[in-house]
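Scroll down for the structure; my scribbles are underneath it.
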Amino acid sequence: LYDSTSGEVKCECLLFESRGILCCHSLILLSDERVDKVDPRYVLERWSKNVRRNHTNISSSYDEPVLDERTQRYNGALSRCFEAYQVGSKSEGRTAILHRGLDRIFSEMQEYDEEEKENAKEKRKTTISHEDCTLNDINDLQSPQHVRSK
C-alpha cells in the first residue's frame with residue numbers, strides 16, 4: 001500500500017518494520033508510482049556514512065600495535081570508568097557519589113563544548129590577508145588531508 005500524500009509505504013511482508021530495510025515489493029511500488037525521493041523515515045541513521053559508531057573505538061587482538069590518539073583516549077577513559085563503576089557499585093552511598101560526580105563531569109563537558117563552539121565562531125570571523133601569509137601557509141591551507149591506504 002502506498003499513500004501518496006504522506007509518502008508512507010506498507011507491505012504485508014513487514015521487512016521494513018522487522019529489519020529496517022525496504023522490501024523489493026515496496027521498491028517496485030515506488031518505482032511504478034514514479035517516486036524519485038524516498039521519505040527520510042525509510043533511511044535509517046545506521047545506513048548513513050556519517051553515523052558515529054562506538055564499536056570502532058574498541059581494540060581487538062588483530063589491531064595495529066600503534067593505535068590512533070582517539071582510540072588510546074577512549075581505552076584510557078574506559079578503564080578509569082570501569083574502575084569507578086566497580087568501586088561505586090559496592091553501596092548505595094558510593095553509587096550516589098558516583099552519580100553526582102558524573103553529573104558534574106557532564107556539565108563541565110557541555111560548558112567545554114560551548115566554549116569550543118564560541119572559539120570556532122571567532123576563528124571563522126578572522127580572515128587571512130595576503131600580507132600575513134607566507135608561501136608555506138598557503139600550501140598548508142591548500143594541501144589535502146593525508147589518508148592512510150589500506
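Here the structure is a predicted model, which is why all the values come from computation and not from measurement.
Applying the salt bridge (charged side-chain N to carboxylate O under 4.0 Å, His left out) criterion to R104, with sequence neighbours excluded, gives E108. Take C81 and apply the side chain to side chain contact (heavy atoms under 4.5 Å, CB included) test, not counting sequence neighbours, and it matches Y85. Taking the side chain to side chain contact (heavy atoms under 4.5 Å, CB included) definition, one finds that E118 meets it with K121, sequence neighbours left out. With sequence neighbours excluded, no residue forms a side chain to side chain contact (heavy atoms under 4.5 Å, CB included) with E115.
For L22 against V38, the heavy-atom pair with the smallest separation is CD1-CG1, 3.9 Å.
Distance check: K117 NZ to N119 CG gives 12.5 Å after rounding to the nearest 0.5 Å. Between the CZ atom of R73 and the CG atom of N75 there is a distance of 11.0 Å, given to the nearest 0.5 Å. Atom OG in S26 sits 11.0 Å away from atom CD in E12 (nearest 0.5 Å).
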List the atom pairs, with distances to 0.1 Å, where a side-chain N or O of residues 94-102 and a protein N or O form a donor-acceptor pair under 3.5 Å, not counting sequence neighbours.
residue, atom, partner, partner atom, Å
T95, OG1, G88, O, 2.7
T95, OG1, S91, O, 2.8

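In this structure, L14 shares a hydrophobic cluster with no other residue, the cluster being traced through Ile, Leu, Val, Met, Phe, Trp and Tyr side chains under 4.5 angstrom apart.
Around atom CD of Q86, more than 12 heavy atoms belonging to other residues, nucleotides or ligands sit under 6.0 Å away.
A continuous path of ILVMFWY side-chain contacts below 4.5 Å connects I21 to V35, so both sit in one hydrophobic cluster.
Considering only heavy atoms from C-beta on, V9 comes within 4.5 Å of L30 through its side chain.
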